[in-house]
*Asks:* 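Next up is a structure, given as structure tokens.
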There are 2 protein chains.
Amino acid sequence: MARRPKLSNVIAEDLLRWIARERLHPGDRLPNEKTLMEHYQCAKGTVREALRTLEVQGLVKMQTGPNGGAVIQPVPIGAVTQQLRTFLHFEELSFEQVYELRHSLEVTLALSVAGHLDGAQLARLEANIEECAEAMARDDRPGVRRAELAFHDILCDSCPNPLLTFMCRFINGLLRDLVEYRSQRLEEHHAFGRSNMESHLKLVAAFRDGDSAAVGRLMADHIHEAETFMSRLDAAFRSKDMLGR
Amino acid sequence: MARRPKLSNVIAEDLLRWIARERLHPGDRLPNEKTLMEHYQCAKGTVREALRTLEVQGLVKMQTGPNGGAVIQPVPIGAVTQQLRTFLHFEELSFEQVYELRHSLEVTLALSVAGHLDGAQLARLEANIEECAEAMARDDRPGVRRAELAFHDILCDSCPNPLLTFMCRFINGLLRDLVEYRSQRLEEHHAFGRSNMESHLKLVAAFRDGDSAAVGRLMADHIHEAETFMSRLDAAFRSKDMLGR
DNA sequence: CTAGATTTGTTCGTATGTATC
DNA sequence: TGATACATACGAACAAATCTA
């Protein structure tokens with residue numbers, strides 16, 4: 001046992017360390033394939049498999065043409081999200097389980113950003129609330145839900161904790177997808193939208209006042225209400241769609 | 001714009017859909033390279049790049065020899081973890097930020113498993129505490145820390161929420177690595193070990209009693225103490241090592 | 001707008017290492 | 001031990017994309 005490691009994997013790991021050591025920024029370029037072939041004394045196909053690894057991980061993007069090659073990408077949050085999703089695709093995940101997490105995470109997020117919100121961010125939050133109101137006026141229910149989730153994404157922008165940010169964004173993305181597939185005929189939609197707007201308004205006010213205690217309490221209540229509504233939405237969907245999932 | 005997608009990517013996505021449609025189980029095999037070459041009417045290198053994609057995503061593992069080829073792997077948690085780590089490697093993540101999350105997540109985890117612990121799992125927890133005691137007797141400090149983290153991994157085994165499980169396991173893995181690189185000379189290590197053991201014992205007792213309120217309270221205090229110690233450990237490390245990071 | 005240069009993408013043929021029987 | 005089947009790696013060539021003069 002203990003097989004010889006694949007050469008392309010060795011090269012991929014070496015390139016990864018090199019990127020980290022050189023502190024490469026998005027937009028910077030890796031050496032082209034020919035140079036790498038000479039450096040590692042290996043064939044084209046092997047270099048390509050190594051670059052392929054980095055590309056799948058979202059760290060680089062290949063470009064053809066002059067000055068082409070592997071270009072460093074901005075933080076590959078998309079690729080990571082995608083992989084975590086395909087992982088969860090093999091597990092079974094329910095609405096309640098998502099909210100079991102969201103409950104504490106969004107409160108932690110709110111407390112974390114409470115000190116870091118500047119005027120511009122507060123303005124964005126208020127503009128988002130306005131956007132919700134317009135979508136409600138058009139009776140564009142999926143649009144309302146998307147905009148409401150965007151409110152929480154805006155909070156993520158001001159969060160200094162990258163791990164917390166990632167997890168909250170990931171959960172928002174999950175909910176965004178789940179909500180698209182659910183029935184949009186429920187009577188409660190309007191009441192839910194008004195309740196959300198009220199919560200968001202109160203939250204912005206608490207952020208402005210720098211009242212952390214109020215922020216935590218408001219967010220906890222807000223998520224709790226959202227869970228109640230979402231589970232009803234889910235139940236309605238399941239009873240209509242006999243697949244059960 | 002809207003470039004022609006790479007053939008290898010098209011094949012990779014097709015294989016992914018095929019795996020999902022056929023409900024392939026871990027251990028099942030994909031067709032070998034030659035068969036795939038004929039099926040997609042493309043060259044070996046192209047098939048290899050497609051398989052490479054799946055391999056990097058952790059869905060398959062390549063095997064040489066007769067009956068070799070791409071073998072479906074069990075849930076690719078390792079690959080997902082790895083990718084999330086390299087992602088965080090480009091962000092800056094501090095000890096405090098990890099604990100900002102761990103605080104709420106471990107409490108949520110404890111409450112989530114409170115009802116699902118059977119006798120076997122409780123026995124494993126007690127065996128783990130015994131293991132900690134032995135490591136302490138040997139004065140094997142890194143061993144103690146590893147075993148203590150294993151206690152929390154055991155809790156994950158009984159958690160029915162796959163997303164919560166993943167995140168707690170991921171954080172445990174982060175701490176495991178961080179602790180390995182930190183100075184192990186601190187006087188407080190022994191006191192910390194005893195405090196942890198006491199917390200773990202109380203937790204197991206609360207789990208046995210099915211006392212959820214106590215479980216939540218004990219875990220919150222436990223993580224809070226751990227954070228206090230860990231940040232001291234971190235400060236000692238940073239002051240000794242002048243790199244600052 | 002065209003032509004050429006540059007670089008990745010893909011193909012074919014071949015050889016080597018490795019696991020199974 | 002040897003034969004077989006398969007992935008791994010090499011090397012040379014051509015196709016396609018993209019930039020620049």
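Numbered from 1 within each chain, the chains take letters A, B, ... in sequence-line order.
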*Asks:* A/Val10: which residues meet the side chain to side chain contact (heavy atoms under 4.5 Å, CB included) condition with it, sequence neighbours left out?
*Replies:* A/Pro5
*Asks:* Send over the distance from B/Met62 CE to D/dA9 C1', rounded to a whole Å.
*Replies:* 14 Å
*Asks:* Looking only at side-chain atoms of A/Thr46, point me to the closest of C/dT11, C/dA19, D/dA9.
*Replies:* D/dA9
*Asks:* What's the closest nucleotide to the side chain of A/Pro66 if the choices are D/dT8, D/dT18, C/dT10?
*Replies:* D/dT18
*Asks:* What pairs with B/Leu36 under side chain to side chain contact (heavy atoms under 4.5 Å, CB included), at least two apart in sequence or on another chain?
*Replies:* B/Leu15, B/Pro31, B/Tyr40, B/Val47, B/Leu51
*Asks:* In whole angstroms, how far is the P atom of D/dT18 from the NZ atom of B/Lys6?
*Replies:* 12 Å
*Asks:* Just checking, is any N or O donor in the side chain of B/Ser112 or A/Glu100 under 3.5 Å from an acceptor N or O on the other one?
*Replies:* yes
*Asks:* Please compare A/Ser8 and B/Asn67 by the position of their nearest nucleotide in DNA chain D and report the one closer to 5'.
*Replies:* B/Asn67
*Asks:* Quick one: ring pair (Phe, Tyr, Trp, His ring centres under 6.0 Å) partners of B/Tyr99, sequence neighbours excluded?
*Replies:* none
*Asks:* By side chain to side chain contact (heavy atoms under 4.5 Å, CB included), which residues pair with A/Ala12, not counting sequence neighbours?
*Replies:* A/Ala50, A/Thr53
*Asks:* Under 4.0 Å from any atom of DNA chain C, heavy atoms only: list the residues of residues 24-44 of chain A that qualify, in numerical order.
*Replies:* A/Asn32, A/Glu33, A/Lys44
*Asks:* Tell me the interatomic distance from A/Gln63, atom CD, to D/dC19, atom P, rounded to whole angstroms.
*Replies:* 7 Å
*Asks:* Please list, chain by chain and in numerical order, all residues satisfying ring pair (Phe, Tyr, Trp, His ring centres under 6.0 Å) with B/Phe90, sequence neighbours excluded.
*Replies:* none
*Asks:* Just jot down the side chain to side chain contact (heavy atoms under 4.5 Å, CB included) partners of A/Glu131, sequence neighbours excluded, or say none.
*Replies:* A/Ala147
*Asks:* What nucleic acid atoms does A/Gly69 come within less than 4.0 Å of, heavy atoms only: base, sugar-phosphate, or nothing?
*Replies:* sugar-phosphate
*Asks:* Under 4.0 Å from any atom of DNA chain C, heavy atoms only: list the residues of residues 48-60 of chain B that qualify, in numerical order.
*Replies:* none
*Asks:* Among residues at least two apart in sequence or on other chains, which ones pass ring pair (Phe, Tyr, Trp, His ring centres under 6.0 Å) with A/Phe170?
*Replies:* none
